[in-house]
Amino acid sequence: MKISKQLVLTYIYLFVYITLSSGVILYNKWVLSPKYFNFPLPITLTMIHMGFSGLVAFLLIRVFKVVSPVKMTFVIYATCVIPISAFFASSLWFGNTAYLFISVAFIQMLKALMPVATFVMAVICGIDKLRCDIFMNMVLVSVGVVVSSYGEIHFNVVGTVYQVTGIFAEALRLVLTQVLLQKKGLTLNPITSLYYIAPCSFVFLFVPWYLLEKPEMEVSQIQFNFWIFFSNALCALALNFSIFLVIGRTGAVTIRVAGVLKDWILIALSTLIFPESTITTLNITGYAIALCGVVMYNYLKMKDVRAVQLPVDSVTERTAKELKMEKKSFDLYVSDDIAKNGGGKGTRNGSPDSTVDEEAPFIPSTRVSHLGRSPLSSHSA
């Protein structure tokens with residue numbers, strides 16, 4: 001049986017995406033944890049990622065002319081980019097800080113709350129309606145997370161609050177992207193997203209860094225290894241582009257399924273690499289319950305997307321249209337289905353989707369959708 005070269009290439013891209021996404025999260029944990037590299041300054045780490053990403057985007061746009069910048073007016077920047085960047089920076093800050101207090105495995109389980117947070121924010125902002133079927137799925141996800149939290153041996157209130165706050169900040173960013181950017185008709189690809197949002201996020205992070213971490217850096221013996229931080233930021237940046245390549249070859253369903261696999265691999269790897277990440281039966285049970293709710297949530301969202309498709313004359317046309325819809329659902333900021341990551345998303349029925357990789361906040365993925373949450377930076381988170 002002859003294997004298609006394109007199919008092999010697609011699987012290679014998926015493998016690279018899963019490897020980078022899991023690697024960035026584990027790398028961030030290792031860097032931040034006092035037990036390992038011992039660089040307990042999450043805001044500083046996030047600023048390094050933002051600065052590096054912004055610099056690379058600047059070089060690609062202004063120096064190498066890889067892509068052209070969009071027409072950005074002061075009004076659009078002030079009313080859209082700045083508020084979105086503020087919540088984006090907050091989500092990365094809180095998400096990365098959680099690594100100091102709770103395990104990677106438990107963080108992944110808490111991220112199952114992302115669809116809940118996004119749905120709640122969308123309803124509050126009036127861009128989605130409170131539906132019984134979606135609400136029951138959200139209740140199921142919440143119950144699963146509560147059960148998982150109850151089974152956490154090293155449960156830490158501070159770390160949990162940081163992570164949940166970061167999740168809701170990210171959800172609000174997604175909703176704002178839907179409400180602000182899409183209505184302006186602004187189209188941003190991954191590179192232009194980094195170009196406009198990363199520097200602004202860096203500026204927002206400077207204030208909490210100056211108040212909270214700068215004094216600590218002056219009195220503490222903080223080790224700084226250039227190659228550690230350079231490789232860490234490079235991995236986070238590479239993750240954004242790997243997701244972009246995967247989306248270009250597959251669609252929403254494929255990358256979400258890949259996210260399920262990534263989540264379970266990440267939980268398993270974290271228990272091997274970090275001995276303190278103990279997993280209990282109650283943890284797994286709660287996470288499985290939450291995952292069932294998230295799977296149903298994504299199924300309903302995909303069903304909503306297909307429901308608005310116009311009738312086509314043939315099976316071929318129908319298939320082509322469904323594939324186009326799937327891929328369009330991941331167009332950054334602009335599509336009616338989902339606006340992207342560093343940006344945000346939105347479904348055809350008006351509600352932002354929650355399929356973002358917290359490690360690659362400028363490109364949608366699976367983490368938040370959690371069909372199996374930042375960051376570009378730890379991306380985080």
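- T278 places none of its side-chain heavy atoms less than 4.5 Å from the side chain of T271.
- Nearest approach of A169 to F87, heavy atoms of both residues: O-CB, 3.8 Å.
- In this structure, the side chain to side chain contact (heavy atoms under 4.5 Å, CB included) partners of Y11, at least two apart in sequence or on a different chain, are L7, L14.
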Checklist line | Worked verdict on S21 versus K262 for side chain to side chain donor-acceptor pair (under 3.5 Å) | finding: CA-CA 8 Å; S21 185; K262 183 196 72 173; 2.8 Å; yes
Note to self: Set out, in order, the CA-CA distance, both residues' side-chain angles and the distance that settles side-chain contact (heavy atoms from CB on, under 4.5 Å) for F88 and I197, then state yes or no.
What the structure shows: CA-CA 9 Å; F88 175 54; I197 294 180; 3.8 Å; yes
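- Not counting sequence neighbours, the partners of F37 by the ring-ring contact (aromatic ring centres under 6.0 Å, His included) test are W30, F229.
- Here the rule is ring-ring contact (aromatic ring centres under 6.0 Å, His included) with F274, and of Y36, F106, Y99 only Y36 fits it.
- How far CG of N28 is from OG of S33: 12.0 Å, rounded to the nearest 0.5 Å.
- Here F168 pairs with A117, M121, V164 under the side chain to side chain contact (heavy atoms under 4.5 Å, CB included) rule; sequence neighbours left out.
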Note to self: If you apply the rule side-chain contact (heavy atoms from CB on, under 4.5 Å), what do you find for R131 with D304, and how did you get there?
What the structure shows: CA-CA 12 Å; R131 292 165 42 186; D304 289 342; 2.7 Å; yes
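- Proximity of I279 to M109: side-chain heavy atoms (C-beta onward) are separated by under 4.5 Å at one or more points.
- What you find for L194 and A57 is that their closest heavy atoms are CB-CB, 3.7 Å.
- Scanning both residues, L100 and P34, for their nearest heavy atoms gives CD2-CD, 4.4 Å.
- The distance from the CD1 atom of I267 to the CG atom of D263 is 6.5 Å, given to the nearest 0.5 Å.
- There is no path of hydrophobic side-chain contacts, each under 4.5 Å, that joins F15 to I265.
- Taking CE from M72 and OH from Y196, the interatomic distance works out to 5.0 Å, rounded to the nearest 0.5 Å.
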Next item on the list: Check the pair W209 / M47 against side-chain contact (heavy atoms from CB on, under 4.5 Å), numbers first and verdict last.
Entry: CA-CA 9 Å; W209 173 81; M47 290 179 70; 3.6 Å; yes
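- Note that CD1 of I84 and CG of L180 are 5.5 Å apart. Values are rounded to the nearest 0.5 Å.
- Residues V158 and I153 do not share a hydrophobic cluster, defined by chaining ILVMFWY side chains whose heavy atoms lie under 4.5 Å apart.
- Transitive grouping of hydrophobic side chains (ILVMFWY, heavy atoms separated by less than 4.5 Å) keeps V203 and V81 in distinct clusters.
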Check: Would L110 and E152 satisfy side-chain contact (heavy atoms from CB on, under 4.5 Å), going step by step from the backbone distance to the final call?
Finding: CA-CA 11 Å; L110 288 176; E152 176 64 17; over 6 Å; no
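- Counting heavy atoms from C-beta on, the side chains of I127 and V175 come closer than 4.5 Å.
- With a 4.5 Å cut-off on side-chain heavy atoms, L55 and Y195 do not count as touching.
- Sorted by first and then second residue, the salt bridge (charged side-chain N to carboxylate O under 4.0 Å, His left out) pairs with a member in residues 58-79 form an empty list; sequence neighbours excluded.
- Between Y150 and F155, the distance from one ring center to the other does not fall under 6.0 angstrom.
- V295 and I289 sit in two unconnected hydrophobic clusters of ILVMFWY residues. Membership requires side-chain heavy atoms under 4.5 Å apart, directly or through other members.
- With respect to K301 and D133, no salt bridge is recorded, no charged nitrogen being found less than 4.0 Å from a carboxylate O.
- In this structure V139 satisfies the side chain to side chain contact (heavy atoms under 4.5 Å, CB included) test together with F135, V143, sequence neighbours excluded.
- The ring-ring contact (aromatic ring centres under 6.0 Å, His included) test applied to F74 returns no partner, not counting sequence neighbours.
- Two residues are said to be in side-chain contact when any heavy atoms from C-beta on lie closer than 4.5 Å; I61 and T192 meet this criterion.
- Using bins of under 30°, 30° to 60° and over 60° for the plane-to-plane angle, the ring pair F224/F39 lands in the perpendicular bin.
- The cluster map of Ile, Leu, Val, Met, Phe, Trp and Tyr, joined by side-chain heavy atoms under 4.5 Å apart, puts L41 and L211 in the same cluster.
- When all heavy atoms are compared, the tightest approach of A112 to V294 is O-CG2, 3.8 Å.
- No side-chain donor-acceptor contact under 3.5 Å links N137 to the backbone of I134.
- Partner F52 forms a ring-ring contact (aromatic ring centres under 6.0 Å, His included) with one of F226, F202, F58, F230 and no other, that one being F230.
- Rounded to the nearest 0.5 Å, atoms CZ (F119) and CG (L113) are 14.5 Å apart.
- For the pair M296 and L140, the minimum side-chain heavy-atom distance is 4.5 Å or more.
- In this pair, F94 and Y162 present their aromatic rings tilted. The plane angle is within the 30 to 60° band.
- Using a 4.5 Å heavy-atom threshold, the side chains of S149 and V145 count as touching.
- Considering only heavy atoms from C-beta on, F101 stays 4.5 Å or farther from V161 through its side chain.
- Here the closest heavy-atom approach between residue S103 and residue K29 is recorded as CA-NZ, 4.4 Å.
- Of the inter-residue distances, the one linking L26 atom CG with I273 atom CD1 reads 4.5 Å to the nearest 0.5 angstrom.
- Summarising the geometry of E170 relative to S91, their closest heavy-atom pair is OE1-OG, 3.3 Å, with the distance given to 0.1 Å.
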